[in-house]
Each structure stands twice: as structure tokens, then as C-alpha cells.
Amino acid sequence: MRDVSCTLLSTSIQSNSIGVEEEVQTQIDCPIIKVEDVYANEFYSANEQGFKPTLRLRISTLNYNGEPELIYKGETYSIIRTQEPEADELILVCERKVKNV
């Protein structure tokens, strides 16, 4: 069985009560409409640019606000690019994030 949601991650810088800036990570649960395969031509053209796409998720456009990362099945992914096949749906093309990079 596949997960029916992923967690979108975004990082912002906020000042605390004494004025020290800190990174704050925001997590937003997002329902997944469909998990798709990465197309061969998409994989090879992205690989030429140094990316290795491994995941395509279709989500609602309303849930995405430009977050750079997501968590799916316990793994962290970087969002390489987005596609909007329909007005209310968005495809996130992701690559698995390597630790310490």
C-alpha cells in the first residue's frame, strides 16, 4: 500500500525575542492524488543537468506554495521542478536528497 500523503518542507528565518535570527522549518501535510513513474526521456534530460529524478507526485495546486523539499515514505526529496497538467493539479518531480549535501 502506498502512502496517501507527503509532508512539504520549507525553511524560513525568523528573529526570536532577543533579535537573534534562527532557521524555522515548517511542515505541511499534503494529500497525494497519484504517484507516477519518472519518464525515461525526462530522466535522461535531467541527468544531463546533474539531477536524478526518482519520484513524480501529483498533488492539488492549492497545497503547494513553492516548498523546496518533501518527505515521502520516510525519505527526504528535493523538488527539481513542477508541472501543471491541469488547472487544479500539479506534478512535483523530485530527486532523493543525499544526506549532508
same_hphob_cluster(L90, V35) at 4.5 Å side-chain heavy-atom cutoff: yes
Shared hydrophobic cluster, V93 / I71 (ILVMFWY, side-chain heavy atoms < 4.5 Å): no
Rounded to the nearest 0.5 Å, how far apart are [atom1] of [X] and [atom2] of [Y]?
| X | Y | atom1 | atom2 | result |
| --- | --- | --- | --- | --- |
| S60 | E86 | OG | CD | 11.0 Å |
| L55 | K73 | CG | NZ | 9.0 Å |
| R81 | E95 | CZ | CD | 12.5 Å |
| C6 | I32 | SG | CD1 | 4.5 Å |
| I28 | S10 | CD1 | OG | 5.5 Å |

Kindly indicate whether the side chain of [X], heavy atoms from C-beta on, has any atom under 4.5 Å from the side chain of [Y].
| X | Y | value |
| --- | --- | --- |
| E36 | R58 | yes |
| S12 | V24 | yes |
| I13 | E22 | no |
| N65 | E67 | yes |
| L70 | L92 | yes |
| Q83 | R56 | yes |
| T11 | L9 | no |

Provide the closest heavy-atom pair for [X] versus [Y] in the form atom of the first, atom of the second, distance.
| X | Y | value |
| --- | --- | --- |
| S15 | E21 | OG-CG, 3.7 Å |
| P85 | I91 | CG-CD1, 3.8 Å |
| L8 | C30 | CD1-CB, 4.0 Å |

Check: E75 main-chain N/O paired with Y72 side-chain donor or acceptor under 3.5 Å: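 Side chain of Y72 to backbone of E75: no pair is present.
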Over 12 foreign heavy atoms within 6.0 Å of CD, E23: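 No - once you tally the heavy atoms of other residues, nucleotides and ligands closer than 6.0 Å, there are 12 at most.
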Pair T61-D88, side-chain donor/acceptor within less than 3.5 Å: no
